[in-house]
Amino acid sequence: MLEDIKNIKSTRKELREFGLTIGIFLVILGILAVWRGKAVYPYFLATGILFISLGLWAPPLLKPLQKIWMGFSIVIGFFVSRFILIVLFYTVITPMGLITRLMGKDILDQRIDRTRESYWHKRNEIKDKKSYENQY
């Protein structure tokens with residue numbers, strides 16, 4: 001994670017995109033605040049216009065903010081991805097495994113059968129050599 005934070009790209013193009021993206025988002029929030037009659041709209045609009053202006057005319061000034069923002073997003077992404085994988089595992093994979101075990105299924109054919117001569121599965125279909133070049 002620290003290596004990812006150290007490798008954050010801050011070229012002029014990326015700083016411009018950062019400024020424009022954050023600025024447009026804040027302007028949209030300001031417009032929504034005006035529409036809903038909230039008194040905070042000037043702060044959103046002014047900050048959004050400032051970000052857009054800096055993104056267009058002085059992107060290097062946005063470098064410290066971009067580094068902080070991207071570092072924060074890497075940390076949040078680290079935890080969110082693990083949380084999603086944990087939830088997926090315990091809500092989907094584990095119940096499926098328990099159900100298949102209760103039903104006595106052996107999907108991967110892992111049970112050892114001492115009476116079998118071999119676990120090799122014979123294929124009846126023989127393909128010509130040209131079909132191996134186009135596997136998909």
Undergrad: Walk me through whether Thr94 and Phe89 qualify under side-chain contact (heavy atoms from CB on, under 4.5 Å).
TA: CA-CA 6 Å; Thr94 302; Phe89 181 79; 3.3 Å; yes

Undergrad: Are Met70 and Leu61 linked, directly or through other ILVMFWY residues, by side chains that come within less than 4.5 angstrom of each other?
TA: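 Yes, one cluster joins them.
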
Undergrad: Please check: side-chain N/O of Lys63 versus main-chain N/O of Leu15, any donor-acceptor pairing under 3.5 Å?
TA: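 Not confirmed, Lys63 side chain does not pair with Leu15 backbone.
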
Undergrad: I want to check something: taking the side chain as every heavy atom from C-beta on, are Leu20 and Ile52 in contact at a cut-off of under 4.5 Å?
TA: yes

Undergrad: Quick one: do Leu50 and Ile28 end up in the same hydrophobic cluster if we chain Ile, Leu, Val, Met, Phe, Trp and Tyr together by side-chain heavy atoms under 4.5 Å apart?
TA: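 No, Leu50 and Ile28 fall in different hydrophobic clusters.
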
Undergrad: Minimum heavy-atom separation for Val27 and Leu45, please, with both atom names.
TA: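 Here Val27 and Leu45 meet closest at O-CD2, 3.7 Å.
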
Undergrad: Strictly distance-based, threshold 3.5 Å: is any side-chain N or O of Tyr43 a donor or acceptor partner for the main-chain N or O of Gly30?
TA: no

Undergrad: Considering residues, nucleotides and ligands other than Lys67, do more than 12 of their heavy atoms fall under 6.0 Å from its NZ?
TA: yes

Undergrad: Do any N or O atoms from the side chain of Gln66 and from the backbone of Lys9 form a donor-acceptor pair under 3.5 angstrom?
TA: yes

Undergrad: Step through the shown structure and confirm whether more than 12 heavy atoms of other residues, nucleotides or ligands are within 6.0 Å of CE on Met96.
TA: no

Undergrad: For a quick test of reading the model, state the closest non-hydrogen atom pair linking Met1 to Ile74 and the distance between them.
TA: CG-CG2, 3.9 Å

Undergrad: May I ask you to decide if Gly97's main-chain N or O and Thr100's side chain share a donor-acceptor pair within less than 3.5 Å?
TA: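 At least one qualifying donor-acceptor pair exists.
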
Undergrad: Is Val40 reachable from Leu32 through a run of hydrophobic residues whose side-chain heavy atoms are each under 4.5 Å from the next?
TA: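 No.
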
Undergrad: How far apart are the closest heavy atoms of Pro59 and Arg16, and which atoms are they?
TA: CB-N, 4.1 Å

Undergrad: Is it the case that more than 12 heavy atoms not belonging to Arg116 sit under 6.0 Å from its CZ atom?
TA: yes

Undergrad: Which residues satisfy the side-chain hydrogen bond (donor to acceptor under 3.5 Å, both in side chains) test with Thr91, sequence neighbours excluded?
TA: none

Undergrad: In the single-linkage hydrophobic clustering (I, L, V, M, F, W, Y; side-chain heavy atoms under 4.5 Å), do Ile49 and Leu62 co-cluster?
TA: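 The answer is no; the residues belong to distinct hydrophobic clusters.
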
Undergrad: Side chains of Trp69 and Ile22, heavy atoms from C-beta outward: is any pair under 4.5 Å?
TA: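 Yes - at least one pair of side-chain heavy atoms lies under 4.5 Å apart.
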
Undergrad: Do the rings of Phe51 and Phe18 sit parallel, tilted or perpendicular, given the 30° and 60° boundaries?
TA: perpendicular

Undergrad: For the hydrophobic clusters of this structure (ILVMFWY residues joined by side-chain heavy atoms under 4.5 Å, transitively), does one cluster hold both Ile86 and Leu88?
TA: yes

Undergrad: If you count heavy atoms of other groups shown closer than 6.0 angstrom to OH of Tyr119, is the number above 12?
TA: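 Yes, because the 6.0 Å sphere around OH of Tyr119 holds more than 12 heavy atoms from other groups.
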
